[in-house]
There are 2 protein chains.
Amino acid sequence: MVTIQDVAKAAGVSPMTVSNVINDHPNVRPSTREKVLEAMARLDYRVNVAARNLRKGRTGVIGLAVPEVNSPYYGRLAAGIITAAERRGLRVSIEQTASRENELDALSLSRNHQYDGLILSAAGMSQADAERLKVDHPVVVLGDRIFGGPVDHVAMPNLEAARAATRHLIERGCRRVAILCGAVEEVDTSSLRLTGYRQALEGAGLPTDPALIQQVDRLGMREGARRAREMAEGGLDFDGVFCVTDSLAMGVLRGLTDTGIRVPDQARVIGFDNVSESEFFIPSLSTVDPDHDGMAERAVDLLIRRIEQTEPSTRHHDFVGDFSLVIRESTGG
Amino acid sequence: MVTIQDVAKAAGVSPMTVSNVINDHPNVRPSTREKVLEAMARLDYRVNVAARNLRKGRTGVIGLAVPEVNSPYYGRLAAGIITAAERRGLRVSIEQTASRENELDALSLSRNHQYDGLILSAAGMSQADAERLKVDHPVVVLGDRIFGGPVDHVAMPNLEAARAATRHLIERGCRRVAILCGAVEEVDTSSLRLTGYRQALEGAGLPTDPALIQQVDRLGMREGARRAREMAEGGLDFDGVFCVTDSLAMGVLRGLTDTGIRVPDQARVIGFDNVSESEFFIPSLSTVDPDHDGMAERAVDLLIRRIEQTEPSTRHHDFVGDFSLVIRESTGG
DNA sequence: TTGTAAGCGTTATCAT
DNA sequence: ATGATAACGCTTACAA
């Protein structure tokens, strides 16, 4: 391995001068710089990042921990974070957590030392784990299960957006609006969106029929399709479905088609996330478009402030993103 | 920051003993281990990975560089690699390259020092860049543009699979089969699949009409939809479309629907990749299912052999994955 | 079984 | 403008 020492020797200067050249420090005579650059090229020198990290205590890399990399939603999230971080001169390294265990693991500083900070998309952790977030390294939490914790936090406008989505169905004439969500336990994405759904019904003076509240254990297309078929074949009376994710909604569109129910004529469907597929689905899917990029921007911004310690470590921010409704064919265009 | 020294002092032992405890070395008396563990817990000690890496020259992490994280295909790929690596006790860190520049960058050892090895999904690089792959760190290249290069290489069965997909359309009665692919320049995914398409037509004694070879500049849904509309509205005579990616194919399904062409009655469509959405699309999409997991497994395996130097550095492997056809509604079920 | 010494490659500090 | 020195926190090799 070629080290700074080797380059120094070859160029007839001190290691320090080589370092100065590498890092573009000002006080290097042009002729010296030339000599060094030439030696670096000749020896094919590459900086040893591990050594640099050790010395600097910084890596220039932030970690992004998500439950799943192969999901349209987290893919979209990752893309936003990468763009936002790039603009700030940071690289992003993505890790898949898959379980609450791994989420806590990702937090554990043993990993954190490899990153200047961590953006943790917490799906498995709950309020009960909030204590564990008390780490002395920069962390920003994304998600809906932790609020007022000991870290900065960026969340979706779940309640308001769910209310708006449900209201949209009602405005289009739906009177028997179902919701398709995940298991509801304490505060999480499904529970918040369910509350928004309830509020919308209430606001319109419609009754809340428990039979219309449909829960599945995974928020994927397969589950959406299966449940939609069950609802249709079981004779459930509904003319609208608010799905808490686009994946669910696309599954529902499939399931309804399978059972001969026409969307939007016989039932209107709206999703949540505005993943890229929803625009091209047949019928195209109405959905909630959260301000992904705004949230990503904000998360990176908060993290950088922690990294650079420009924020007092006693105050923590809870940021809730923006949203808009995207109306497409599945609710009548 | 709490260091090994601090723990050693607190436990009344030497730093070395602490290190031995951390690394589960055998020769530590249980009582000593207890003392050390207690001190570690009390001081909330975390190992400094940068220091360990510097000393060991290993990180236990492999890098995965993909052009895009927010794409069903690369998401699927990443998931496979993560699973395969996990089984071998390695963690995976994903980076987005987005351009040829960044792909070369990812190669550059400056980054590589952070990983034990790199799996590079090369979309922007071409055979001309093959020389650049001559790095003395473990690298496995995924993709269709580099063959016989100075690194191990894992590729899709492009030619054979494209031939099979096209043949399937022909067997279903299509006589005017179009192909939708990307810009064809030297050897790349599109060119290989185009060749497979040509071979299938030839094998069936069908003429190759240049008008049926449709090229777009990005392989996404939007491009597929737009081009399908253009083809339909332009009066192009076709009764089948082989799309070189599922994204393109889903876009095509959308575009054909928009112009009133019924699939599969008036035109059959087949894709490539078997992304998870294709099963639920309406109509569900027939497609080539590459053995993603097998390829991922193989890529990780090859990389590990390089890392552990169990493979002579003079010989390099070119592995071509397996595939199967998944027949769904878009070609008649 | 435990401890000592040295060094991984880099850069901050201070001196020249 | 350049260089000597000393760390960063850890582990390998060896000594006790």
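Chain letters run A, B, ... following the sequence lines, proteins first and then strands; every chain starts at 1. Worth knowing before you read on, the calculation uses all heavy atoms, side chains too, and leaves out hydrogens, waters and symmetry mates.
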Taking [atom1] from [X] and [atom2] from [N], how many angstroms apart are they, rounded to a whole number?
| X | N | atom1 | atom2 | result |
| --- | --- | --- | --- | --- |
| B:Gln5 | C:dG3 | CD | P | 13 Å |
| A:Lys35 | D:dA1 | NZ | C1' | 11 Å |
| A:Arg33 | D:dA1 | CZ | P | 11 Å |
| A:Ile4 | C:dG9 | CD1 | C1' | 7 Å |
| B:Leu54 | D:dT11 | CG | P | 11 Å |
| A:Asn20 | C:dA15 | CG | P | 17 Å |
| B:Asn48 | D:dA7 | CG | P | 17 Å |
| A:Glu34 | D:dA1 | CD | C1' | 16 Å |

- B:Val61 side chain reached by B:Asp116 side chain, heavy atoms, under 4.5 Å: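 No. Closest side-chain heavy atoms not under 4.5 Å.
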
Backbone N or O of [Y] within a donor-acceptor pair of the [X] side chain at under 3.5 Å?
| X | Y | result |
| --- | --- | --- |
| A:Asn23 | A:His25 | no |
| A:Asp152 | A:His317 | yes |
| B:Asn158 | B:Leu192 | no |

The side chain of [X] lies closest to which of these nucleotides: [options]?
| X | options | answer |
| --- | --- | --- |
| B:Thr17 | D:dT2, C:dT1, C:dG3 | C:dG3 |
| B:Asn27 | C:dT11, D:dT2, C:dT2 | C:dT2 |
| B:Arg52 | C:dT2, D:dC10, D:dG3 | D:dC10 |
| A:Ser14 | D:dA4, C:dG9, D:dT11 | D:dA4 |
| B:Met16 | D:dC10, C:dG9, D:dA13 | D:dA13 |

- Message: Regarding A:Asn23, tell me which of base, sugar-phosphate or nothing describes its non-hydrogen contacts under 4.0 Å with the strands shown.
- Response: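 Counting heavy atoms under 4.0 Å across all strands, the contact made by A:Asn23 is with sugar-phosphate only.
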
- Earlier contact from the 5' end, DNA chain C, for A:Arg55 and B:Arg55: B:Arg55

- Query: Counting just side-chain N and O atoms, does B:Ser19 come under 4.0 Å of either OP1 or OP2 of D:dT11?
  - Reply: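 Answer yes for this pair, as a side-chain N or O of B:Ser19 is under 4.0 Å from OP1 or OP2.
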
- Query: Are any of B:Thr3's side-chain N or O atoms less than 4.0 Å away from OP1 or OP2 of D:dC8?
  - Reply: no

- Query: Nearest nucleotide by nearest heavy atom, which residue falls closer to the 5' end of DNA chain D, A:Lys56 or B:His25?
  - Reply: A:Lys56

- Message: Strictly below 4.0 Å, N to O, side chains only: are B:Arg42 and B:Asp44 in salt-bridge contact?
- Response: no

